[in-house]
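Below: one structure, written as structure tokens.
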Protein chains: 2
Amino acid sequence: MRPDLDTVFAALADPTRRRILTMLLEDDMAVTDVADPFEMSLAAISKHLTILTRAGLISQEKRGRVKWCKLEPDAMREASVWIASFGQFEGLDLDAFEVFLAGQFASDEAHKAEDRDDDDDKADDIDDVTH
Amino acid sequence: MRPDLDTVFAALADPTRRRILTMLLEDDMAVTDVADPFEMSLAAISKHLTILTRAGLISQEKRGRVKWCKLEPDAMREASVWIASFGQFEGLDLDAFEVFLAGQFASDEAHKAEDRDDDDDKADDIDDVTH
DNA sequence: CCGAAAGTCAACCAATCGGTTGAATGTGCA
DNA sequence: TGCACATTCAACCGATTGGTTGACTTTCGG
């Protein structure tokens, strides 16, 4: 069930789901906690999470009676790559792009460490973003 | 009619529409010519083009009885920025990124030259990469 | 002026979406 | 054991999607 661009973009085409993704950026969350800041029903959120899972943007793992949601960066990177490799970037200097990103990240290491309590490997993902 | 992320992502969530976009990369095209390589009816393509227009990804201008479709890079850039500012790029300097993209896109102007039967002008439109 | 070409419009279809409610299924805890 | 919590399931709703076909408008060309 590999995530294709169709489902990824479709999943991103909803503000609720994009907000969920940014929430999951902070930390893994239980379904109930994901649903908390939203007005809608828990069942609705559950559906959104299913769509995000189907798109490969998150994964869900049940531990006890709690189902934990966590971000899966690969799928979004696929979308990112499609856009980035898109023609209007025909004139884009991909090397310059990588250099730019690398520079951004390098200069970022300093203040990233301080508000980071969990130890993810997100930083390492940046390398192959243009491939 | 400003393109929001919802409609942009939704428009990108269809292989036909993505293919149309890449076709328009080469050149502006009439609706009939856009429809040509597809199996589906002209009316179907017309609808797809409406969706792309509504998303701001393309624009359509009628000259004579022919309606020309041309790519509008701004909308996609918005999507690109959203993704780029997301997770794996957490901590990315968004302003710098936009400046970078703007620089890259500025080189696109050369692309709009009116003659175009064959254009491989990639070579010289990357020389003012922003730093 | 007549016919063909370029597109859109309108009606229709089945499928999916985003949301609701209420019932059902697990699981943890006192 | 039994209740409360976490989450999904099932049925339903109105709106939208992606496609069809056929009729229609506008414009070009002989």
Side-chain angles (χ1 to χ4, degrees), chain A residues 1 3-24 27-71 75 79, chain B residues 1 3-24 27-71 75 79:
Chain A
M1 198 239 285
D4 58 318
L5 281 177
D6 287 23
T7 48
V8 171
F9 279 129
L12 292 178
D14 183 280
T16 301
R17 289 193 292 262
R18 286 198 305 275
R19 194 168 147 206
I20 290 176
L21 289 175
T22 62
M23 288 166 57
L24 288 178
D27 213 341
D28 298 356
M29 296 179 79
V31 173
T32 308
D33 295 330
V34 169
D36 213 46
F38 295 94
E39 304 272 295
M40 70 192 71
S41 71
L42 186 60
I45 296 293
S46 182
K47 281 191 187 180
H48 280 304
L49 291 173
T50 300
I51 291 177
L52 287 171
T53 301
R54 227 165 42 206
L57 286 161
I58 69 170
S59 62
Q60 293 179 284
E61 182 202 357
K62 198 159 157 192
R63 282 203 296 270
R65 61 178 165 176
V66 175
K67 204 172 196 177
W68 292 91
C69 310
K70 95 167 206 276
L71 233 110
Chain B
M1 196 228 289
D4 59 315
L5 280 178
D6 288 22
T7 48
V8 171
F9 279 130
L12 292 179
D14 183 280
T16 301
R17 288 193 292 264
R18 286 197 305 276
R19 194 169 147 205
I20 290 176
L21 290 175
T22 62
M23 287 166 57
L24 288 178
D27 213 342
D28 299 357
M29 296 179 80
V31 174
T32 307
D33 295 330
V34 169
D36 213 47
F38 295 95
E39 305 271 297
M40 71 192 71
S41 71
L42 184 62
I45 295 294
S46 182
K47 281 191 187 178
H48 281 303
L49 291 173
T50 300
I51 291 178
L52 287 171
T53 302
R54 227 167 42 207
L57 286 162
I58 69 170
S59 63
Q60 295 179 283
E61 182 203 356
K62 197 158 157 193
R63 283 202 297 269
R65 62 178 162 175
V66 174
K67 204 171 195 177
W68 293 92
C69 310
K70 91 169 209 277
L71 220 78

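These numbers come from a predicted model, not from an experiment. Reminder, nothing fancy here: chain letters follow the sequence lines and each chain counts from 1.
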Roughly, in whole Å, what's the span from [atom1] in [X] to [atom2] in [N]?
X	N	atom1	atom2	result
A/R63	D/dT7	CZ	C1'	16 Å
A/K47	C/dC17	NZ	P	10 Å
B/L42	C/dA5	CG	P	13 Å
B/D14	D/dT17	CG	P	11 Å
B/E39	D/dG18	CD	C1'	16 Å
B/L49	C/dT8	CG	P	7 Å
A/W68	D/dC5	CH2	C1'	14 Å
B/D6	D/dA15	CG	C1'	15 Å

Output the distance between atom [atom1] ([X]) and atom [atom2] ([Y]), rounded to the nearest 0.5 Å.
X	Y	atom1	atom2	answer
B/T16	B/E39	OG1	CD	10.5 Å
A/I45	A/D36	CD1	CG	10.0 Å
A/L12	A/I51	CG	CD1	11.5 Å

Can you tell me if the side-chain N/O atoms of [X] get under 4.0 Å from OP1 or OP2 in [N]?
X	N	result
B/K67	C/dT8	yes
A/H48	C/dC17	no
B/R65	D/dT25	no
A/S41	C/dG19	no
B/S46	C/dG7	no

Self-check item: Flag, side chain of B/T53 to backbone of B/L49, donor-acceptor distance under 3.5 Å
Solution: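 Judged by distance alone, yes, a pair lies under 3.5 Å.
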Self-check item: Position toward the 5' end of DNA chain D (nearest nucleotide), A/V66 or B/M40
Solution: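 The 5'-side residue here is A/V66.
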Using a 4.0 Å heavy-atom cut-off across all strands, classify [X] as base, sugar-phosphate, or nothing.
X	result
B/A30	sugar-phosphate
A/I51	sugar-phosphate
A/R17	sugar-phosphate

Quiz item: Taking the side chain of A/A43 as heavy atoms from C-beta outward, which of C/dG22, C/dT27, D/dG19 is closest to it?
Solution: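 Side chain of A/A43 sits closest to C/dG22.
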Exercise. Ignoring the backbone of B/V31, work out which of C/dT20, C/dG7, D/dA6 is nearest its side chain.
Key: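 Nucleotide nearest to B/V31's side chain: C/dG7.
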Quiz item: Within a strict 4.5 Å, meaning less than it, do heavy atoms of the A/Q60 and A/V31 side chains meet?
Solution: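 Heavy-atom side-chain distance check passes, below 4.5 Å.
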